[in-house]
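In what follows, a single structure is set out as structure tokens and then discussed.
All chains are named by letter (A, B, ...) in the order of the sequence lines, taking the proteins before the strands, and each is independently numbered beginning at 1. Atoms considered below: every heavy atom in the structure, side chains included; atoms not considered: hydrogens, waters and symmetry mates.
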Amino acid sequence: MRRLTFPRGGIVPPDRKHQTGRALLWNAAIPRTSIVPLLQHSGEPAIACVSRMDRVREGMLVGRAASSRSANVHAPIPGVVREIRPVVLPGGISCDAVVIDMDGEFDLLGKRAEVRDWQSCDRRTLSRLIAEHGVVDMDGSRLPMPLSYGRMDHRRCDTLILNGCESEPYLSGDHRTMVEQVSSVLTGLEIVSRVTRPSRIVIAVESNKPDAISALRTAVRSSGLESHVVRLRVRYPQGDERQLVKAVTGREIPSGGVAADVGCMTLGVTTARAVYEAVVLGIPLIERVVTVAGRAIAEEANVKVRIGTPVGDLIEECGGFRKTPMKVVMGGPMTGHTVTDLRTPITKGTRAVLALTAGEIRGARTLPCIQCGRCVTSCPMGLDPTRLYKLIEHGDLRRAASEGLQDCTECGACGYICPSRIPLVRQLRQAKIRHGDGGSGE
Amino acid sequence: MWIVTLCLLPGAGWGVYLYGTRAALVLAAAILSAVVFEAAAARLASRVTLRDGSAVLCGLLIGMSLSPAVPLFIPVVASAFAMFVVKWSFGGLGGNWMNPALAGRVFVAFSWPGAMTTWPAPRTLDLVDGLAGATPLSLVKATAPERAQAPIAVLRDAGYPVSAFDTEVTSWLNVNVLGRAGVNLPTGYVDLFVGNVAGSIGEASALLLLAGTIFLFARRIITWHVPAAFFVTFAVCTRVFGGLTAGLGLFEGDVLFSVLTGGFVLASFYMATDPVTSPLTGGGMLIYGSVAGIIAFVLRAYGQFPESVALAIILVNAVVPLIDRLCRPRRFGHREVRHGS
Amino acid sequence: MVRDLTRGIFRENVIFVTLIGLCPALAVTTHVINAIGLGAGVLIVLVASNVSVSLLGRIVAPRIQYPVFLGVSALFVTIVDLTMQAHLPGLSERLGIFVPLIAVNCAVLARADVFARQVVPARALLDGLGFGVGFLLSLTLIALIREVLGSGTVTLVAFGDFDGVFAVPRMSDNPARVMVLAPGALLTVGYLVALFSRFRQGPVGHAAGAEDQA
Amino acid sequence: MSYVGIILTFVLVNNLVLTYLLGVCPVMGASRRIGSSIGLGLATTLVMATGALLTWALRTWILAPLGLLFLQTLVFVLAILALGHYMERLVEAVAPALHRSVGKYLPIVSTNCVVLGIAFVAARADFGPIESLIAGFSGGVGVLGVMVVVAAIREELETEAVPRALRGMPVAFLTTGLLALALLAFDQVFLQNLVG
């Protein structure tokens, strides 16, 4: 059978997942200090509801959602609020963070959670539970969950897609989650489908994860969830919502629109699991799976880690640096951001921490553009990155915008493929922000 | 760029073997002056660019496209024109819209047509002296159409030598390979293919040039689109109409002869594929190659200058921005292609 | 008044600065003598039409001024053309259609329209003289460069046994023929315009509006 | 000369812009954007075709019988000026949409040397009415082609690191110059070989 994929552009970089994709997930140690930013998604920050020297319990609300574009934030560890200070997150967003020093007892860790009979809950209850526990879309749009599916309210959702592509190199957290915790993922999916009531559910996984596919197929059959698992061709950026919807349904999300505009909703694997924990076990979103990889890391692994753990602590957990890293990246190699401060905390949206050696990063020397056109061929959005880049360099943002600047999803395919190593993505990303619409045009 | 240069070296080396030190001198003059002029121009623009290798490549291509008999000021002027006028006046590597090496060559070809079409006798593989004063193509073009002969027969009649090597290989081919398909290859083509003929320094050996392209394809420095489109349209046109100018009928053109002469291989694989001056997308490249093929054929058949391929390419270079506009991919999430603003 | 005269020669040189009236500058500058011949023709027409326009400017209704100016310049061009045909048949033949084309030379029309119709005849005369001389000098410069590079010669007026052609030593052996062909003209003017703008330190290409009138 | 010969002559071999160097001003001035260059080019083509025909008629039916051929320049200039003027009015009345894109350029091009140039060229070659029309039209197509090609190249060059002194007009000249160099490929010999 021809494996589904999106029609144009895209690249197939070496995936570098072999190490972490086979190893079991393990739990990181609890950090002594947790730095919990009040904005961990795109939208508005939560309002702190604790103050300095307050004692917090594990899983206690520390930041209350300010609006529907905001999400609750909980204390990942029990302890004392040392301070509330501004932090700069990767990507240059700054917000206040609650800094908690560990102290006191763990209420959730190691305790047997009480299982809620979610089947008897109605839509509104489920939706409220998801929101209360601070679940955000941890993979795609990074919007608070209720908003993410709230867009479906007035439209008919006909397809719910579980996004198990994980097409970006290095990342394998979703892969391990699908293999090891397949039933919680499926339950999370089922809960979301209860809320959005789609007419069909598709589980999309790239064909380089056969063990995940077979685990999902078995679990689907035994759980009786009405859905089918499709294998997609390995191709980056298939995990991007636009490409995924196109690959699975053939529908094209209009420029500036969202999946809901074409009756679809995508759900990330990590998010599905968080939904499960929130609704069924009543555990707020205080930890997530992070891939720690790169040649400079002593022990590459997928680790379940508390939100707010400083990156440095996490790297120590994995044996520290084996070599001097050229740079440390939070997020995937294509879409992530370089961090310079190892005290930067893990947030709900941190999919990976990569410590890359010089050999893994393509040379920094930029050569003149020779108009080879590879970036045009690789752009899944049908843009002409080199032309946009030149227009931006030339200071003509207006023209760049008319040629599709805001359609750029910052997938990084063009920059990856560029033989002259021109920092296309960085430039386009900055120009998008400067042009005003801000963010990814959502 | 360095890799392309490397891939060209066997072909250039063969030229030096055929014509001796004189050819080496022309190549050296072209490369050296290209590098010097590039350095000077880059200095004026306060940029450092020698490391990208484009100057060396450009000089090499200029040298390879010249006759070994040209006075040495010709490669120097060609390099100067290429570097200053064609390349740096438009902003250096990436800014130029016309292939600098070809434009340099065309400039000197139109300026000194006499010197550019003087061909010394090459030292061929089995030391049979080639015919001085004409390349196979110019010889064939010079014959009047009323003789109504295939090009290879024209060469025979003009006393163009056939090497023993050619005779042997051709007969082996005829017996063992082509004979089974019922084809009988006349002698002469093998000489053209391996480069036992007169011509510009770098165009003689199609074999060595093609060998170099294997590496180019393997490293994905060039794609198949341009050479394939170029070849197909040129071959089809030659087959269908190519016989007419020789006094033959429709469908009697000699494709093999046409593509093995006049620097076709050099131009289609190494010059037309220059990324800077060719379109961005695969579709665009197909259009570009096809148009270049048609123009190359028309100019070769009816033009004054047998080396029409270079002219065809720079002519099509001019419409590349239009082709790019035409072949702009459809933007995701938009219903139709938006043509500019 | 002095500025009326000098302005056209360098600071507002029609060819290199305002970039109008280019076509003859490009086409006829294969030989120095052609450039001088056409330059002189333009000079005469420019002066004559400037003065006439200055006189007519007040009488003719604005609505029909443009056609009238055009007619005036065409009239003088006809006179120059016929005179040239009669007395300099060789030159006239070489310049071909470019003599009658002076009639629509943007330089002539632009001066009439922009300047001459608003001022007294004396100033119009000086202005015409200045711009005419500027035009003549520019053409000669272009022709000198092109002929030396492209033919290796400098062709001036023939008299007696002398055919008027000076050969430039060394250049005449292997001249770059392209320079006397069309590409040579465009390239030469391109670089000269750049050079002029560099000396003037001013912006180049502000003549877009004027060109639309062309 | 055959009709095909005339077309090839004025589009390629003797392209008015790239060989005769006529109409360089509009090419330089209008070729900043493809859109305006197409409009101007079409207007030029229109005026050139009708202008060549009109001047043929004036020559054959009025000037020659009256022995006034020496007034040719004056008559042609004024006739073509009027032609452009009235054609614009006609276009405006008949097709306002066309007026916005093409028609508004008609009066501008009517005093252009390329339009008058083709009239003189046709007069000197003693072209008949059909030949004049074809010459005017194909000459216009040649001009249009150059305008569009140069405009497309210049649009790309806008974002390139062209040396400061060369930006704007000089680089437009160089572009046109290189185009003329390439077009040298089509010469008289080529024309003779192709159409005899």
With only heavy atoms counted, which part of [X] is less than 4.5 Å from chain D, the side chain, the backbone, both or neither?
X: C:Ile97; result: both
X: C:Leu82; result: side chain
X: C:Ala185; result: side chain

Check your understanding: Can you check whether C:Ala124's main-chain N or O pairs, donor with acceptor, with C:Asn50's side chain at less than 3.5 Å?
Key -> yes
**Study point:** C:Ser54 (side chain) donor-acceptor with C:Val119 (main chain) under 3.5 angstrom
**Key:** yes
Review point. Which atoms form the tightest heavy-atom contact between C:Leu136 and C:Ile36, and what is the distance?
Key: CD1-O, 3.4 Å
Check your understanding: Between D:Leu184 and chain C, which part of the residue has a heavy atom less than 4.5 Å away: side chain, backbone, both or neither?
Key -> side chain
Study note, to complete from the structure: Bottom line for D:Thr176: the part with an atom under 4.5 Å from chain C's heavy atoms is both
Review point. Taking only residues two or more places apart in sequence or in another chain, which ones pass ring pair (Phe, Tyr, Trp, His ring centres under 6.0 Å) with D:Phe190?
Key: D:Phe186
Pairwise distance [atom1]([X]) to [atom2]([Y]) - rounded to 0.5 angstrom:
X: C:Cys23; Y: C:Ile102; atom1: SG; atom2: CD1; result: 12.5 Å
X: C:Met84; Y: C:Leu91; atom1: CE; atom2: CG; result: 5.0 Å
X: C:Leu181; Y: C:Leu187; atom1: CG; atom2: CG; result: 11.0 Å
X: C:Tyr191; Y: C:Ile145; atom1: OH; atom2: CD1; result: 12.5 Å
X: D:Leu116; Y: D:Leu22; atom1: CG; atom2: CG; result: 9.5 Å
X: C:Leu144; Y: C:Leu139; atom1: CG; atom2: CG; result: 12.0 Å

Select, from [options], the one with the greatest count of heavy-atom pairs under 4.5 Å involving chain D.
options: C:Ala25, C:Ala74, C:Ser73; answer: C:Ala74
options: C:Val77, C:Leu26, C:Val99; answer: C:Leu26
options: C:Gly184, C:Ala103, C:Gly96; answer: C:Gly96

Review point. Which residues in residues 43-59 of chain D have a heavy atom less than 4.5 Å from any heavy atom of chain C?
Key: none
Exercise for review: Determine which residues belonging to residues 72-90 of chain D lie within contact range of chain C, meaning some heavy atom pair is under 4.5 Å apart, and list them by number or answer 'none'.
Suggested key: D:Thr73, D:Leu74, D:Val77, D:Leu78, D:Leu81
Review point. Does any donor atom in the side chain of C:Thr29 or C:Arg146 lie under 3.5 Å from an acceptor atom in the other side chain?
Key: yes
Point to revise | For D:Glu158, all residues meeting salt bridge (Lys or Arg N to Asp or Glu O under 4.0 Å), sequence neighbours excluded | key: A:Arg399, D:Arg33
Practice item. Tell me, with the steps shown, if D:Phe127 and D:Ile134 meet side chain to side chain contact (heavy atoms under 4.5 Å, CB included). Key: CA-CA 10 Å; D:Phe127 281 159; D:Ile134 292 175; over 6 Å; no
